[in-house]
Protein chains: 2
Amino acid sequence: MKKIDIFKKLRSSGLRPTKQRVEIAKFLFERDKTFHFTVESLNKLLEKKTTFKFALATIYNTVHAFKNAGHLNEVDVRGKKTYFDTNIINHHHFYDNETSELIDIDAKEIVIQKIPKAPNGKKIKNVEVFINLKN
Amino acid sequence: MKKIDIFKKLRSSGLRPTKQRVEIAKFLFERDKTFHFTVESLNKLLEKKTTFKFALATIYNTVHAFKNAGHLNEVDVRGKKTYFDTNIINHHHFYDNETSELIDIDAKEIVIQKIPKAPNGKKIKNVEVFINLKN
DNA sequence: TCCTAGTTTATAATTATTCTAAAGTAAATA
DNA sequence: TATTTACTTTAGAATAATTATAAACTAGGA
Ligand SMILES: [Mn+2]
Ligand SMILES: [Mn+2]
Ligand SMILES: [Zn+2]
Ligand SMILES: [Zn+2]
């Protein structure tokens, strides 16, 4: 993903392409593989990988803005920190409790044969499968 | 579940049947249907349903003790609060994002036909299916 | 260039949870 | 039963993640 695409992505989401947002977007989206992060881990990575200094609040703001724009997904993981995912396509996860690591599972790798119908008045939004790992 | 069973349950887990633990255990386990709660909601319910006063720390202590003893399960839910489940049998959940409500799905209501093998050196501990609901 | 709404920032506030250490209690021991 | 001991409860302090505040800054339009 090139700089011009980053600008487009931000603009089309109604987000001004500020220095901070562009830097963070480049870091998150200019890569081959998607990945999972917390605000804390992202902050550390940005400190290492860029010369820029970001206020922690800006990282929170930006991550939430990207999430609300649909450029990031939130993943439910046991524990206190919120995990985000640059993979916004419907998929599933292995979760390694020892390392607190999430591993993607492509949606087509899991086939569900039988599923209950939603409670009265509700519809199914999506189905998430979590496979907990042990050694 | 009778008082004598509550005592047994506590004793067999190496937990002294203190007034507080017995009260909380009665509240949690002397019922027909299992249920989901947070420490905050449990605290409120205990205030309403019992004449006893519990320090918040005691509720945390007790819930964790029960969880470690295997009498409660923790459920991963989006958000900041930790959810607990008196249903300790393997099962799945609907999650209603509007009401923050968890609804149990019996394990046999979901049949998974295809599942990827665990990453190298790891084994599958369990599989949890989360069905997010919308209106 | 000037203006303005949107953004960043340092810092304070909030929320959920855990820690601390003193006081209380269950139950083993004498 | 009285004494002892380890375990438990408790109020309050501490911590950790996140959100709110409000002043300074900036992108982009007029
Ligand atoms: Mn969670
Ligand atoms: Mn928290
Ligand atoms: Zn993922
Ligand atoms: Zn449940």
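In what follows, chains are A, B, ... by sequence order, proteins preceding strands, each numbered from 1. Computed from a predicted structure; not experimentally measured.
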According to a strict under-4.0 Å criterion, is [X] in side-chain N/O contact with OP1 or OP2 of [N]?
X     : N      : result
B:R21 : C:dA26 : no
B:Q20 : C:dT25 : no
A:H64 : D:dT18 : no
B:K80 : D:dT19 : yes
A:K81 : D:dA17 : yes
A:R16 : C:dA5  : no
A:Y60 : D:dT18 : yes

Closest heavy-atom pair and its distance - A:F84, A:K67: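 The answer is CE2-CD, 4.0 Å.
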Looking at [options], which one has an atom nearest to any side-chain atom of [X]?
X     : options                : result
A:L56 : C:dT17, D:dT18, D:dA11 : D:dT18
A:K53 : C:dT9, D:dT9, D:dG28   : C:dT9
A:T82 : D:dT9, D:dT18, C:dT9   : D:dT18

Within 6.0 angstrom of B:K108 NZ, more than 12 heavy atoms from elsewhere: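 Open.
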Nearest-angstrom distance from the residue atom [atom1] of [X] to [atom2] of [N]:
X     : N      : atom1 : atom2 : result
B:F54 : D:dT8  : CZ    : P     : 16 Å
B:E23 : C:dT25 : CD    : C1'   : 16 Å
B:K67 : C:dT18 : NZ    : C1'   : 14 Å
B:Y83 : C:dA16 : OH    : C1'   : 13 Å
B:L10 : C:dA27 : CG    : C1'   : 15 Å
A:N43 : D:dT18 : CG    : P     : 12 Å
B:N68 : C:dT18 : CG    : P     : 11 Å
B:R11 : D:dT8  : CZ    : P     : 12 Å

Touch class at under 4.0 angstrom, heavy-atom based, for A:T18 against every strand present: sugar-phosphate
Sugar-phosphate, base or nothing in reach of A:T38, heavy atoms under 4.0 Å: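 The residue A:T38 makes no contact with any strand.
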DNA chain C: 5'-proximal contact among B:K19 and A:G14 (nearest heavy atom): A:G14
Residues A:E40, A:K44: salt bridge by 4.0 Å N-O rule: yes
Distance under 6.0 Å and angle within 45° of ring axis: A:K49 vs A:F27: no
B:H36 versus B:N87, side-chain donor and acceptor atoms under 3.5 Å: no
Side-chain donor/acceptor of A:T86 to backbone N/O of A:F35, under 3.5 Å: yes
